[in-house]
Number of protein chains: 2
Amino acid sequence: MVPNQAHSRYHHGDLRNALIQAATTVLVEKGAAALSLREVARVAGVSHAAPYRHFRDKAALLRVLAQGGFERLTAALNRAAENSPHNPEQKLIEAGVAYVRIVVQHPEITRLMFAGTVEPQQDPAYLAATAACYEALLDIIRQGIAQGTFRQRPPQQLVLVAWASMHGLAMLAVARLLEVDVDDELTLDVLIRSVAANVIYGIVK
Amino acid sequence: MVPNQAHSRYHHGDLRNALIQAATTVLVEKGAAALSLREVARVAGVSHAAPYRHFRDKAALLRVLAQGGFERLTAALNRAAENSPHNPEQKLIEAGVAYVRIVVQHPEITRLMFAGTVEPQQDPAYLAATAACYEALLDIIRQGIAQGTFRQRPPQQLVLVAWASMHGLAMLAVARLLEVDVDDELTLDVLIRSVAANVIYGIVK
DNA sequence: CGACTATGTAGACACTGTCTACATATCTAT
DNA sequence: ATAGATATGTAGACAGTGTCTACATAGTCG
């Protein structure tokens with residue numbers, strides 16, 4: 001029943017992945033408004049109904065793209081954390097920088113991930129991807145608490161603050177509500193580190 | 001002269017506002033996916049092309065809705081600030097609570113406001129609405145700095161932290177990425193105050 | 001009154017998501 | 001190897017969409 005992936009050469013070959021690739025290309029190059037299933041099929045070189053053999057509907061395809069976004073985000077967070085294995089404070093800042101950078105570099109996919117259009121409840125794989133992202137941040141927080149660097153509070157409480165701050169900054173940047181050119185890497189970096197530092201040290205003197 | 005009654009079959013009288021009202025109703029009750037210009041026209045009881053006499057295209061209507069969202073948000077922030085006129089710290093917390101509450105109470109409009117689909121550059125009125133929202137927060141921060149309650153930093157830097165944190169929490173809630181029922185007012189309030197307090201006092205002990 | 005302008009309508013077009021019926025390639029069991 | 005059975009792809013249809021054009025009507029003002 002389940003075809004052997006290694007040499008599965010059906011009509012098209014690996015249409016499912018081809019469609020995901022095509023959808024990503026269209027999304028990045030032409031924006032979410034121009035992303036139609038038919039256009040994706042066209043780019044992939046198949047008929048307009050072919051995608052329905054691999055995705056129940058358009059939303060299912062979009063959910064896969066969003067899931068990929070979460071996986072990339074999680075990977076970036078973990079990579080950032082590895083840079084300073086024994087310094088939770090630095091880890092948190094690096095993670096924040098990575099978070100905002102990834103989000104800003106892929107604004108269209110970010111919108112998919114956080115627009116709330118996709119209902120996470122349905123898809124276990126999707127839910128796992130978002131949970132993994134949360135866990136990556138939680139790990140950093142836990143270490144900081146364990147080492148006594150962070151406040152002795154429930155980790156869920158601290159991770160919420162960190163996540164909300166990073167996420168908020170990223171979303172404001174993506175929505176272009178900051179008077180900042182998101183392509184200006186240097187200024188962006190300063191902003192991120194400013195927020196990260198303030199999250200850590202607080203506003204009140 | 002605007003006729004008091006819109007009883008003339010042909011000319012509606014105040015169609016522009018009627019369309020905005022209809023669009024809001026559709027958006028809230030049936031979601032963004034179901035919001036089509038034709039459906040809006042239908043609800044308003046006019047032909048499918050009538051909206052084009054008042055809005056250049058669909059995006060223009062959506063931008064007006066988003067602008068209304070910013071105006072309501074600004075009003076809520078200012079109202080919250082008035083509750084504790086001489087206590088910037090309390091003011092900031094109240095504003096944060098109001099921010100998240102408003103955003104969570106109107107998720108569909110929030111998505112319009114922050115999804116990045118609307119390009120602010122075009123519309124001066126829209127830009128003014130977002131700027132006013134920013135100013136409301138900035139006022140609180142400025143007062144806190146002036147009174148010596150907040151750190152002596154550039155106000156733009158502090159307002160960014162506050163805005164990003166509140167906004168991030170609100171967006172995570174709307175996207176249902178928190179394991180929290182957004183309709184659970186009590187839990188939500190605790191969360192908001194937790195983030196607000198942490199923004200103020202910082203994570204590091 | 002009559003002309004001008006603002007506003008509303010009907011019809012058309014190309015496009016969309018999704019369904020159904022049909023076609024073909026690959027897998028499995030004999 | 002051969003014959004279903006199954007997985008995959010296609011063509012056509014349908015209702016619905018955004019937006020354009022041509023036309024109809026109403027309100028304004030000389």
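Letters A, B, ... mirror the listed sequences (proteins, then strands); counts begin at 1. The model shown is predicted, which means the values in this text are computed figures rather than measured ones. No hydrogens, no waters, no symmetry mates; every other heavy atom, side chains included, goes into these values.
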Assess, by modelled atom type and distance only, whether the side chains of Asp184(A) and Thr187(A) contain a donor and an acceptor separated by less than 3.5 Å.
yes
Is the phosphate of dC19(C) approached by Arg53(A) (side-chain N or O, under 4.0 Å from OP1 or OP2)?
no
Would you compute the distance between atom CH2 of Trp163(B) and atom CG of Leu137(B) and round it to the nearest 0.5 angstrom?
7.5 Å
Per Arg38(A) side chain, nearest of listed nucleotides dT18(C), dC19(C), dT19(D):
dT18(C)
Give a yes/no answer on whether the side chain of Arg42(B) brings an N or O atom under 4.0 Å of OP1 or OP2 in dT17(D).
yes
From the options dT10(D), dT19(D), dT18(C), select the nucleotide whose nearest atom is closest to the side chain of Val46(A).
dT10(D)
Out of dA12(C), dT10(D), dG8(C), which nucleotide sits closest to the side chain of Ala50(B)?
dG8(C)
Mind calculating the distance between CD (Glu39(B)) and P (dA15(D)) to the nearest angstrom?
17 Å
Rounded to whole Å, please give me the gap between CG in Leu35(B) and C1' in dG16(D).
14 Å
For atom CG of Asp14(B) and atom C1' of dG8(C), their distance in whole Å
15 Å
Between dT9(C), dT19(D), dG9(D), which nucleotide gets closest to the side-chain atoms of Leu15(A)?
dG9(D)
Return whichever of Ser47(B) or Ala34(A) has its heavy-atom-nearest nucleotide of DNA chain C closer to the 5' end.
Ser47(B)
Assign each of His54(A) and Asp57(B) to its nearest nucleotide of DNA chain D by heavy atoms, then name whichever residue's nucleotide is nearer the 5' end.
His54(A)
What I want to check is whether the side chains of Arg72(A) and His106(A) have a donor and an acceptor closer together than 3.5 Å.
yes
Whole angstrom is fine here: how far is it from CZ in Phe55(B) over to C1' in dT7(C)?
14 Å
Neighbour count above 12 (heavy atom, 6.0 Å) for Arg176(A) CZ:
no
Please check the phosphate of dT16(C) (OP1 and OP2 only) for any side-chain N or O of Ser36(A) closer than 4.0 Å.
yes
Nearest-angstrom distance from the residue atom OH of Tyr52(B) to P of dA22(D):
17 Å
Rounded distance in Å - CG (Leu19(A)) to C1' (dG9(D)):
11 Å
Mind calculating the distance between NE2 (His48(A)) and C1' (dT10(D)) to the nearest angstrom?
8 Å
Rounded to whole angstroms, how far apart are CG on Leu62(B) and C1' on dT17(D)?
14 Å
Between Phe114(A) and Phe70(A), is the gap from one ring center to the other below 6.0 Å?
yes
